[in-house]
Amino acid sequence: MSHLDAPRGDAQVPPPAPGTAPEAAPAPAVAPPTAPPSAADALAPSVAAPLFAAPSSYRPVPSGPVPSGSVPSGPVPPTAGFAPPGLVPSGLVPPGPAAPGLVPSGLVPPGPAAPGLVPPGLVPPGPAGPGAAAPVRGRTRRTLPVAQVASLVVAALVAGFLGGLLGARVLPDDPRLADAGLPVLPAPAAQVDRSPESVAGIAAGVLPSVVSIEVTTADGMGSGSGFVLRADGYVLTNNHVVAGAAEGSMVVQFADGTELPGTVVGATGEYDLAVVKVDATGLTPLALGDSDAIVVGDPVVAIGAPLGLVGTVTTGIVSALNRPVVAGDADGMAFINAIQTDAAINPGNSGGPLVDAHGQVVGINSAIAQLPGRLTSAGSIGLGFAIPSNQARRTAEQLIETGSATYPVIGVVLDPEYTGEGVRVVEQDPRDGEAVTRGGPADVAGIRRGDVILAIDGRPVTASEELIVAIRAHEPGDTVVLRVRTGDDERDVRVRLDEKPSG
């Protein structure tokens with residue numbers, strides 16, 4: 001699974017387990033020494049060719065000055081025989097004969113002089129003086145008056161025009177017509193309106209609130225998308241879009257072309273979300289809709305800046321719900337209970353809104369799938385994934401209010417090497433932690449080392465990522481029902497989710 005931004009090194013997303021979630025990069029099966037282990041501490045093993053990869057429109061920034069002499073000074077010599085259609089460079093005369101009736105200034109057309117006109121310098125010599133031999137008289141040539149010559153020229157032109165017109169109408173082999181006569185539609189009396197629920201109507205209402213975000217670091221330049229959350233300058237985007245902004249610079253571009261510097265208010269890698277602040281007021285925020293209310297087949301519209309093409313609109317449907325998506329790398333993995341869509345999503349769409357038929361945000365575009373065997377994304381193949389808006393709302397509120405976010409855990413370490421039914425808690429305590437956190441939610445519910453978790457809230461799980469994603473789709477303090485097997489005994493247990501700080 002790949003992030004959809006275009007920053008520097010978008011994290012590779014491992015392929016999912018067969019029929020389920022994309023595979024995550026290998027991660028330690030133990031909890032960090034400074035925090036109790038959680039369900040996210042153990043992930044499935046990686047493979048050589050990930051099914052998901054981060055698309056990127058990364059552009060390296062050249063370092064150092066431009067070499068001296070690399071840019072020619074003075075006028076650029078014209079390319080031989082070439083000029084843009086309809087344009088002749090100043091001071092150049094196009095090759096070939098001059099247009100009929102036009103003679104370039106300073107050029108005299110070759111050939112004999114016109115009748116009755118003698119070229120300058122070629123006047124026949126006159127008598128040399130007394131005694132000079134008289135010139136030989138030849139036959140006198142009559143000349144026509146100028147008025148008659150002009151009349152003949154006009155008559156010839158009229159005859160040629162009438163002949164051409166007659167030929168165009170009479171000769172069957174000539175497809176040209178004197179008048180093409182193409183139909184012309186009458187101009188509309190007023191601008192054509194579009195239904196507010198049409199794609200054009202939705203785009204017109206949403207586009208003014210969508211932004212493009214460009215981050216520049218020492219490693220290069222990357223771009224992504226976002227949208228206005230509050231009228232006083234708060235913008236929501238993906239965490240991986242703004243990664244590295246603290247060491248570089250960030251510019252937020254609005255639909256009207258305005259560019260403002262942005263600063264990160266808060267970010268979380270666990271949910272791949274970030275809030276950016278710009279110094280502006282009077283902005284038009286987008287409403288966060290209820291992502292739990294959408295169903296498969298609902299129409300959706302994705303808006304963003306793929307490959308830097310600001311204000312791009314694509315449309316499709318909700319292809320699936322509750323897709324377990326793992327995005328990022330071992331240093332920061334995001335577990336997303338994602339909305340799948342076939343709306344075209346490409347590098348640079350990261351952080352942009354996925355809206356429903358009412359123009360309400362139901363998802364934040366975050367990742368796309370790639371064909372198996374590819375190490376980098378080639379763009380949309382109709383498999384895009386978005387963070388549900390209900391999750392985005394909870395996280396954005398935390399980031400704006402505290403600058404950080406939390407996520408729920410059950411307090412177990414999962415075995416990434418287990419391949420049987422369900423997911424298994426590790427059978428031995430890690431050297432620097434516990435398989436089941438003492439006093440944690442799982443311990444209180446009676447879950448022990450080596451137990452196998454078969455389902456959560458009635459939904460079967462077959463990979464660690466599925467269980468982690470399903471847990472993180474809830475809020476700390478929520479209660480879930482886990483189907484647990486100990487040996488041959490199966491039972492349902494209720495687990496109240498605990499809270500862990502992001503990062």
Side-chain angles (χ1 to χ4, degrees), residues 14-24 26-33 35-46 270 292 320-326 333 335-338 406-500:
T20 61
E23 177 192 356
V30 297
S38 70
D41 292 330
L43 306 174
S46 63
E270 281 74 16
D292 291 339
L321 298 171
N322 301 315
R323 288 296 196 205
V325 170
V326 181
M333 296 189 117
F335 293 84
I336 305 168
N337 194 37
T406 61
Y407 60 94
V409 295
I410 62 173
V412 298
V413 177
L414 301 178
D415 186 354
E417 298 181 359
Y418 176 72
T419 58
E421 182 184 11
V423 295
R424 186 176 66 185
V425 180
V426 293
E427 296 179 313
Q428 300 295 328
D429 287 335
R431 277 182 293 179
D432 54 354
E434 298 172 309
V436 181
T437 303
R438 188 173 305 173
D443 183 36
V444 172
I447 298 175
R448 299 292 177 257
R449 293 177 298 178
D451 282 357
V452 176
I453 301 174
L454 301 173
I456 177 171
D457 291 332
R459 189 171 70 189
V461 291
T462 57
S464 300
E465 295 90 344
E466 287 187 3
L467 178 60
I468 298 170
V469 165
I471 290 172
R472 291 194 181 177
H474 290 79
E475 294 185 65
D478 287 351
T479 299
V480 297
V481 177
L482 301 180
R483 184 72 176 174
V484 180
R485 183 174 65 204
T486 303
D488 295 330
D489 177 50
E490 291 187 9
R491 66 193 187 280
D492 289 333
V493 298
R494 298 178 64 84
V495 179
R496 188 176 185 273
L497 302 179
D498 201 354
E499 185 176 42
K500 186 173 181 180

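- Legend: residues meeting side-chain contact (heavy atoms from CB on, under 4.5 Å) with T419, ordered by chain and number and at least two apart, are absent.
- Taking D443 as the reference, R448 meet the salt bridge (Lys or Arg N to Asp or Glu O under 4.0 Å) condition, with sequence neighbours excluded.
- Applying the side-chain contact (heavy atoms from CB on, under 4.5 Å) rule to D489 yields the partners R491; only residues at least two apart in sequence or on another chain are considered.
- No donor-acceptor pair closer than 3.5 Å links the side chain of N337 to the backbone N or O of A470.
- Taking OH of Y407 as the reference point, atom CG of L497 lies at 12.5 Å (rounded to 0.5 Å).
- In terms of the side-chain contact (heavy atoms from CB on, under 4.5 Å) criterion, residue partners of A445 (sequence neighbours excluded) are, by chain and number, V493, V495.
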I410/L482 under side chain to side chain contact (heavy atoms under 4.5 Å, CB included): CA gap, chis, key distance, verdict: CA-CA 11 Å; I410 62 173; L482 301 180; 4.3 Å; yes
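- For the pair E421 and R485, the salt-bridge criterion is met [side-chain N within less than 4.0 Å of a carboxylate O].
- Across P408 and R472, no two heavy atoms sit closer than the pair CG-CA, 3.8 Å.
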For residues 452-460, run the donor-acceptor check on the side chains, cut-off 3.5 Å, and write out each pair with its distance to 0.1 Å, sequence neighbours left out.
unit_1	atom_1	unit_2	atom_2	d
D457	OD1	V481	N	2.9

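- Taking the side-chain hydrogen bond (donor to acceptor under 3.5 Å, both in side chains) definition, one finds that E427 meets it with nothing, sequence neighbours left out.
- Atom OG1 of T406 and atom CG of D498 lie 10.0 Å apart (nearest 0.5 Å).
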